[in-house]
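One-based numbering, in listed order, for ligands and for the atoms of each. What you are looking at is a predicted structure, and each value in this text was computed from that prediction instead of being measured.
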Amino acid sequence: MSAHSDSQRATAPAIRARKGGEPLVCLTAYDTPTARLLDPHCDLILVGDSVGMVLHGLDSTVGVTLEMMILHGRAVMRGSSRALVAVDMPFGSYEAGPPEAFANASRIMKETGCQAVKIESGAYAAAIIAFLTARGVPVIGHVGVRPQAVHAQGGVRARGRTLDEREIVLADARAADEAGAFALVIEAVAEDLAREVTAAVSCPTIGIGASAACDGQILVTHDMLGLFDWTPRFVRRYADLRAAMGEAVAAYAQDVRARRFPGEGEVYKLKRT
Ligand code: KIV
């Protein structure tokens with residue numbers, strides 16, 4: 001069962017209903033042409049705050065702002081009509097408490113037209129998720145590696161390999177689920193922990209580096225298209241666009257320098273009236 005028909009955009013309840021069913025297909029997008037390419041194939045498009053690193057050259061997602069997320073969210077909405085679009089709430093836009101989180105989430109929804117937001121879900125998050133969902137904001141939780149907590153977590157290494165960490169990830173996941181999250185991203189955790197979390201929560205889990213035990217998968221599109229020279233071990237590269245782009249740019253530069261571009265068919269001629 002698909003989360004959407006051809007004419008209708010996928011909804012949060014339809015995504016939630018996919019628990020234990022056909023795996024959810026999810027990818028990131030930050031712009032209109034990429035969203036157009038992804039939309040026919042994806043159940044969910046995430047406007048991830050990974051945009052800060054992927055497009056803006058930041059070292060982490062910590063510097064991403066609400067304005068950046070809204071700008072990219074609007075672009076993705078313009079390029080999609082079928083997939084559910086969720087926009088990441090950036091660091092500092094929700095952690096202070098429910099009313100501030102609601103003000104910022106409702107701004108994201110009004111100004112982009114997206115259907116949901118995602119928040120990284122540490123222990124503080126349950127009250128925020130409950131507050132938002134009760135007020136009409138569908139929320140996706142995010143446990144395991146939480147890139148916004150890079151400084152607190154001491155880096156972005158895989159989680160759940162020690163007993164203490166396992167308990168934290170499980171507790172965060174249960175809390176987000178009970179608070180009403182309609183889906184849960186699990187990032188970079190050991191396979192058996194991903195399986196345990198998936199069995200423990202009522203909403204579908206969407207894994208990134210969290211094994212096939214999850215109810216769906218998400219990757220950063222730029223990673224799976226091979227646009228970087230380095231990708232995490234859990235990424236499968238479906239294309240090598242970095243090499244293809246490099247070759248194309250080099251060929252263009254050679255053609256311009258050799259006056260081979262533009263050619264006969266690539267110039268305007270005077271119209272004979
Ligand atoms: O920001 C992001 O891209 C994410 C990942 C889950 C894909 O949160």
Distance in Å, Thr112 OG1 paired with Arg78 CZ, rounded so as to fall on 0.5 Å steps: 10.5 Å
Looking at [X], which atoms of ligand 1 are within less than 4.0 Å of one of its heavy atoms?
{"X": "Asp49", "value": "1 (O)"}
{"X": "Gly48", "value": "1 (O), 2 (C), 3 (O)"}
{"X": "Thr28", "value": "3 (O), 7 (C)"}

Glu120 vs Asp49 side-chain heavy atoms within contact, under 4.5 Å: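 Heavy-atom side-chain distance check passes, below 4.5 Å.
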Closest approach of any protein heavy atom to atom 2 (C) of ligand 1, naming residue and atom: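 So the nearest neighbour among protein heavy atoms is Ser50 OG, 3.3 Å.
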Nearest neighbour in protein (non-hydrogen) for atom 5 (C) of ligand 1: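 Going atom by atom, the protein heavy atom closest to atom 5 (C) of ligand 1 ends up being Leu46 CD2, 4.0 Å.
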Taking the basic N atoms (NZ, or NE/NH1/NH2) and the acidic carboxylate oxygens, is any pair closer than 4.0 Å for [X] and [Y]?
{"X": "Asp192", "Y": "Arg166", "result": "yes"}
{"X": "Glu247", "Y": "Arg242", "result": "no"}
{"X": "Arg107", "Y": "Glu67", "result": "yes"}
{"X": "Arg195", "Y": "Glu191", "result": "yes"}
{"X": "Asp43", "Y": "Arg18", "result": "yes"}

Using a 4.0 Å heavy-atom cut-off, say whether [X] meets ligand 1 through its side chain, its backbone, both or neither.
{"X": "Asp88", "value": "side chain"}
{"X": "Ile208", "value": "side chain"}
{"X": "Thr61", "value": "neither"}

Lys118 N/O under 3.5 Å from ligand 1 N/O: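 N/O-N/O distance under 3.5 Å: yes.
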Close N or O approach (Glu187, ligand 1; < 3.5 Å): no
Residue-ligand contact His142/ligand 1, heavy atom below 4.0 Å: yes
Cation-aromatic face contact Arg259/Phe261, 6.0 Å, 45 degrees: no
